[in-house]
Amino acid sequence: MSALELIDKVGDYHPEADAELIQRAYDFSEKMHRGQRRQSGDPYFIHPVGVANLIADLKLDVPSVCAGLLHDVVEDTLASLDVVQSEFGEEIASLVDGVTKISQVNFTSREEKQAENFRKMILAMARDIRVILIKLADRTDNMRTLGHLKPDRQRYIAQETLDVYAPIAHRLGINWIKNDLEDNALRFMRPEVYYQLKRNVAKKKVEREKYIREFIKVVSRVLADAGIEAEVVGRPKHFYSIYDKMQRYDLLYDQIYDLVGFRVVVDSVADCYAALGLVHANWKPVPGRFKDYIALPKNNMYQSLHTTVIGTTGERVEVQIRTHEMHRVSEFGIAAHWRYKEGKATGKSEAQRFAWLRQLVEWQQNLSDPREFLGSIKEDLFSDEVFVFTPAGDVLNFPEGATVIDFAYRIHSEVGQHCAGARVNGVLVPLGYELSNGDTIEIVTTASQTPSKDWLGMVKTSRAKTRIRAWLKYLERSRSLAVGRDVLERDLRKRGLDLKKLRKRGKLAEVAAAFGLKDDESLIAGVGYGKITTRQVLSRLLPTEDLDGEETEEGMLRRLIRRVTGSEPSVKVSGVDDVMVRFGKCCDPLPGEEIIGFITRGKGVTVHASECPQVLASDPQRQVHVAWESGSGGARRARLEVRCLDKPGMLAAITKSIGGAGVNISSAQVQSTRDEQAINSFEVMVQDAAQLNGVMRSIGKLRGVINVRRARD
């Protein structure tokens, strides 16, 4: 796309656009990226132009289009942010800075870097929502051209897109970007599923188009006879929504009947409800499938009536009914409502659309652990909603599965802290009661009630989880201080040393500083956690020769492991020598996966996969950095669950696929289901995560296999 074509496109919706500014940004970006190539071999400049084009599709302002052209110059060229600001002004520079990744900071892991990038992006979009709109355009263009990267990189980016960017597009109400991101993510996450769906949809294209024309004709006539002017359109559902329904309800493609959705667009809200009555009068509605998002809009301000009816040939048909303005919002979301005057929104109504974003920023402020931050981001963005009432009649929305504890913390932190139960619609219910649409909730509190670890398994919202974890960490630190003080006093006394005197003279503070801790209290807590041993403390207080000849309990355990297994543990614990290492049975981490260690008093270090829920629920003070050692450890256990058609030869094909990859099956279990499917569970012995992923891809390509997943406790 040339600069003139881009300027003309912006001019179609913004006649007063500053064409000269767009031209300068176009020329500057082309100059700075000159000579750079993408993985495909194409000039890199194609990408920023593609992003600017998508921003114009969203009908955003000139600074946003310019920022799209310039979004990579700070990160990928010699141009600095100061240069961008001097050339294009503070507003455009601020937008470019918001979408620029943190590339100059050293992080301990890829996950930490990802978390900090998201944190920066969320804070930037809280200041100016255009930042995330530009970022979504950037990710959409990248997903469309992902085919030239290595398969592992494709899957990583596709998963990140499904976890964060598609849900953000959904929250912002930008439907076409959400669908585009999800379909392309499926193309790289499960290519065999994507192309099979594409073939299945293509087979029935002629039949489907004929059906759409006939149904539109009938609905249009029914509405016209009633004097309602309406635009009726039909569209096939996008691939990811079909795949999601297949996964959610364990269905095959041929078992999904509502593959086509119809949209009725009318002039007024009154016409919406009148059209709904006519649709229900002419086609039998499916019970439980009606939703009124006009009376109760979604968080992203989406409004529409949704219903499913039985069509003329007995099939299920989804119908959405909305006004023209509602349709504009459903396609463009926030972008349809956002207006700028010196970079700020106009009107109080616009601020309502960002309430969820302000909550998101507030809830993440105290989350320093990258895994906890990423987990909470996904939970906040990727959830269906239920609507409940306070006793005063106010409507509050919560993610599906939220409990009365979530409700209590939403009212106030102190109410959540002392929540003992609740009355739902006047009836007493326990803490684990899950909220349902239309419930009226009244919280019951007692002064003696405080959070317990069990609460973490009951709540869904990040606000509740953050508050509960903060309380548990406070209790854990108090206990660890008491334990650490007792252990240090006992072991120091054996050496003729006095803990109180060492603290008073500042000796313990010096030891703490040597370990990179802020004060002696943190050192004592570290001993109590089990993160620091008394021998390590003594080594800083006494000459080395006074400690010679002593073997630690951990050293004896390590020798015992070596004697029994004939090898060293396959994981190295950072900063700690001679420590017993064991693997969490809840997640069975494999070499090649990102891992984290968790210190357990008297049991050494337990290694978990970094995304294991056990780690997210644990105290970060007990976490230590661990890394796989190359060339050690041997084969490790992994469990696979394969859902497939229940037909002869399937089990043999699956086991042959596993054996063909050089992987041994240590146990297998097969179970038939009522819907002519089978669930096959295998315990296999693999060398690393790459070998397991190869096996899963091989099985997933077999005809008749519905899905393959790694099973964990």
Minimal non-hydrogen separation, [X] against [Y], with atom names:
X: F188; Y: A158; value: CB-CB, 4.2 Å
X: I55; Y: S64; value: CD1-O, 3.4 Å
X: L162; Y: A185; value: CG-CB, 3.6 Å
X: S330; Y: N175; value: O-CB, 3.0 Å
X: V626; Y: V607; value: CG2-CG1, 4.4 Å
X: P589; Y: G584; value: CD-O, 3.8 Å

Point-to-point distance, once rounded to the nearest 0.5 Å, from [atom1] of [X] to [atom2] of [Y]:
X: D8; Y: I22; atom1: CG; atom2: CD1; answer: 10.0 Å
X: H327; Y: Q303; atom1: NE2; atom2: CD; answer: 14.5 Å
X: I168; Y: L181; atom1: CD1; atom2: CG; answer: 10.0 Å
X: L136; Y: K178; atom1: CG; atom2: NZ; answer: 12.5 Å
X: Q39; Y: K150; atom1: CD; atom2: NZ; answer: 8.5 Å
X: H238; Y: E182; atom1: NE2; atom2: CD; answer: 4.5 Å

What pairs with [X] under salt bridge (Lys or Arg N to Asp or Glu O under 4.0 Å), at least two apart in sequence or on another chain?
X: D180; answer: R144
X: E30; answer: R34
X: E20; answer: R24

Practice item. For atom CD of E90, decide whether the heavy atoms of other residues, nucleotides or ligands shown that lie under 6.0 angstrom number more than 12. Key: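 No, CD of E90 has 12 or fewer neighbouring heavy atoms, counting only those of other groups under 6.0 Å.
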Name all residues meeting the ring-ring contact (aromatic ring centres under 6.0 Å, His included) criterion together with [X]; count only those two or more places apart in sequence or in a different chain, and write none if there are none.
X: H33; result: Y44
X: F88; result: F28
X: Y409; result: none

**Study point:** Contacts of A93 that satisfy side-chain contact (heavy atoms from CB on, under 4.5 Å) - sequence neighbours left out
**Key:**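 Result, side-chain contact (heavy atoms from CB on, under 4.5 Å) vs A93: L81, V84, Q85.
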**Study point:** L692: partners by side-chain contact (heavy atoms from CB on, under 4.5 Å), with sequence neighbours left out
**Key:**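 With sequence neighbours excluded, L692 shows a side-chain contact (heavy atoms from CB on, under 4.5 Å) to L590, A638, L640, V684, V686, M696, R710, given in chain and number order.
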Can you confirm whether [X] sits close enough to [Y] that some side-chain heavy atom of one is under 4.5 Å from a side-chain heavy atom of the other?
X: P399; Y: T461; value: yes
X: V96; Y: I134; value: no
X: L78; Y: V73; value: no
X: E91; Y: R130; value: yes
X: P48; Y: L70; value: no
X: D138; Y: H47; value: yes
X: F598; Y: V605; value: no
X: Y156; Y: D152; value: no

Under 3.5 Å, is there a donor on one side chain and an acceptor on the other for [X] and [Y]?
X: D97; Y: S94; value: no
X: D82; Y: S80; value: no
X: N184; Y: R187; value: yes
X: D61; Y: H14; value: no
X: S241; Y: D244; value: no

Using side chain to side chain donor-acceptor pair (under 3.5 Å) as the criterion, list what pairs up with [X], not counting sequence neighbours.
X: D520; answer: R503
X: T140; answer: none
X: Q159; answer: D163
X: D183; answer: none

Would you say the side-chain atoms of [X] pair up with the backbone N or O of [Y], donor to acceptor, closer than 3.5 Å?
X: T161; Y: I157; value: yes
X: R37; Y: G41; value: yes
X: Y13; Y: L60; value: yes
X: W628; Y: E594; value: no
X: S29; Y: L69; value: yes
X: Q36; Y: D76; value: yes
X: N693; Y: A689; value: yes
X: D406; Y: V459; value: no

Is [Y] paired with [X] through a side-chain N to carboxylate O contact shorter than 4.0 Å?
X: K9; Y: D12; answer: no
X: R467; Y: E414; answer: no
X: R540; Y: E510; answer: no

**Study point:** side-chain contact (heavy atoms from CB on, under 4.5 Å) assessment of H170 paired with Y302
**Key:** CA-CA 10 Å; H170 172 67; Y302 172 90; over 6 Å; no
Point to revise | Geometric cation-pi criterion, R410 with F398: 6.0 Å, 45° | key: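 Yes, R410 and F398 form such a contact.
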Review point. Is the distance between the ring centroids of Y195 and F239 less than 6.0 Å?
Key: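 When the ring centroids of Y195 and F239 are compared, they turn out to be at least 6.0 Å apart.
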Practice item. Dump the intermediate steps for side-chain contact (heavy atoms from CB on, under 4.5 Å) on D57 and L54, then the final yes or no. Key: CA-CA 5 Å; D57 286 337; L54 287 167; 3.9 Å; yes
Exercise for review: Any chance you could lay out the side-chain contact (heavy atoms from CB on, under 4.5 Å) test for S40 and T145, step after step, and finish with the verdict?
Suggested key: CA-CA 8 Å; S40 62; T145 56; over 6 Å; no
Point to revise | Evaluation steps, side-chain contact (heavy atoms from CB on, under 4.5 Å), between V83 and V74 | key: CA-CA 9 Å; V83 170; V74 173; over 6 Å; no
